[in-house]
Amino acid sequence: MAVAFDNVVFAGGSGLSVTTGTFTIAGTDRAAMLHITLDDTSVTIVSATCGGVAGTLVAGTDSGSSIGFRRTLIYQVIAPATGSQVASVVFSGSVSNPHLAAITATGVDQTTPCNNGTFVVQAAATSKAITVTSANGDLTSTCIYHAAGGGAPTTDQTIKWSD
């Protein structure tokens with residue numbers, strides 16, 4: 001069975017946590033990707049959840065301090081609960097400019113829902129490009145942090161959310 005996009009929800013804020021509004025999760029063999037961006041590399045993620053289920057960091061997706069004070073991470077959640085749910089992330093301290101997007105999908109491998117995580121840092125004046133290794137039937141996802149006024153990212157894929 002091919003992976004299929006299910007839903008997306010987005011929230012931003014400041015402080016110790018970010019929680020999305022409610023959204024519907026449906027289908028079988030579910031998984032979620034939690035895209036997190038923030039302006040602080042010193043805090044840790046205490047928890048990242050979707051549908052009440054804890055997520056784990058996707059290997060290779062934490063940019064750490066490689067982009068100055070900006071940071072991106074992607075967490076995976078296996079089998080979030082169906083129905084009306086929220087996604088949330090809690091930080092170890094107060095964070096500036098945190099954002100959270102939760103993308104849910106169906107038909108996902110329940111053992112290894114996310115693989116081939118990576119990140120790239122590119123100068124503001126250059127075209128942005130990243131290679132994501134995938135196979136036929138995969139759902140790929142990108143978390144981009146660009147400075148205010150940097151313009152919308154361009155892609156040959158379908159954009160499901162953008163702040």
Side-chain angles (χ1 to χ4, degrees), residues 1-13 16-38 40-41 43-67 70-92 95 98-121 128-146 153 155-163:
M1 173 194 312
V3 175
F5 171 79
D6 180 45
N7 210 336
V8 65
V9 65
F10 172 82
L16 298 173
S17 66
V18 176
T19 300
T20 67
T22 58
F23 64 107
T24 302
I25 300 174
T28 58
D29 295 329
R30 299 171 308 283
M33 289 179 286
L34 305 180
H35 292 210
I36 302 164
T37 63
L38 54 129
D40 191 329
T41 60
V43 300
T44 57
I45 306 297
V46 174
S47 67
T49 62
C50 182
V53 178
T56 57
L57 181 66
V58 176
T61 65
D62 186 352
S63 66
S65 61
S66 63
I67 33 181
R70 294 182 174 98
R71 186 175 177 194
T72 62
L73 312 94
I74 300 175
Y75 275 69
Q76 65 185 1
V77 179
I78 300 171
T82 58
S84 184
Q85 304 295 338
V86 299
S88 67
V89 60
V90 177
F91 306 101
S92 63
V95 177
H99 292 90
L100 167 64
I103 299 171
T104 59
T106 59
V108 179
D109 180 326
Q110 298 294 282
T111 304
T112 310
C114 298
N115 55 41
N116 301 322
T118 188
F119 73 90
V120 65
V121 177
K128 309 302 182 241
I130 189 167
T131 300
V132 179
T133 304
S134 64
N136 189 29
D138 283 356
L139 173 69
T140 61
S141 178
T142 309
C143 180
I144 301 171
Y145 192 126
H146 58 91
T155 179
D156 61 349
Q157 304 297 313
T158 303
I159 296 176
K160 296 294 188 182
W161 71 275
S162 180
D163 177 28

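Numbers for residues simply follow the sequence, beginning at 1. No hydrogens, no waters, no symmetry mates; every other heavy atom, side chains included, goes into these values.
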Would you name the heavy atoms of T82 and G27 that are closest together and state the gap between them? CG2-O, 4.0 Å

Would the distance check show the side chain of S17 and the main-chain N or O of V90 forming a donor-acceptor pair, the cut-off being under 3.5 Å? no

Return the minimal non-hydrogen interatomic distance between A11 and T20, and the atom names on each side. CB-CA, 3.7 Å

At their closest point, which heavy atom of L34 faces which heavy atom of A102, and how far apart are they? CD2-CB, 3.6 Å

Paired with R71, the side chain to side chain contact (heavy atoms under 4.5 Å, CB included) test is passed by just one of D62, I36, T37, V95, namely D62

Under 3.5 Å, side chain of T106 to main-chain N/O of D29, donor-acceptor pair present? no

dist R30:CZ -> Q110:CD (nearest 0.5 Å) comes out at 7.5 Å

Does any part of the side chain of F91, heavy atoms only, come nearer than 4.5 Å to the side chain of V43, both counted from C-beta? yes

Which residues pass the side-chain contact (heavy atoms from CB on, under 4.5 Å) test with Q76, sequence neighbours left out? T56, V58, P113, C114

Taking side chain as C-beta onward, heavy atoms only, is V89 less than 4.5 Å from Y75? no

By salt bridge (charged side-chain N to carboxylate O under 4.0 Å, His left out) - contacts of D6 (at least two apart): none

From T72 OG1 over to L38 CG, what is the distance, rounded to the nearest 0.5 angstrom? 8.5 Å

For a quick test of reading the model, state the closest non-hydrogen atom pair linking P98 to G13 and the distance between them. CD-O, 2.7 Å

Nearest-0.5 Å distance that lies between atom CD1 in I103 and atom CZ in F23: 10.5 Å

Please tabulate, for side-chain N and O atoms in residues 44-54, each donor-acceptor pair with protein atoms closer than 3.5 Å (sequence neighbours left out).
{"residue": "T44", "atom": "OG1", "partner": "S92", "partner atom": "OG", "Å": "3.3"}
{"residue": "T49", "atom": "OG1", "partner": "S88", "partner atom": "OG", "Å": "3.0"}

Please examine the side chains of I25 and N7, heavy atoms only from C-beta on, and report whether any two atoms are closer than 4.5 Å. no

Distance, nearest 0.5 Å, that separates CE of M33 from OG1 of T104: 9.0 Å

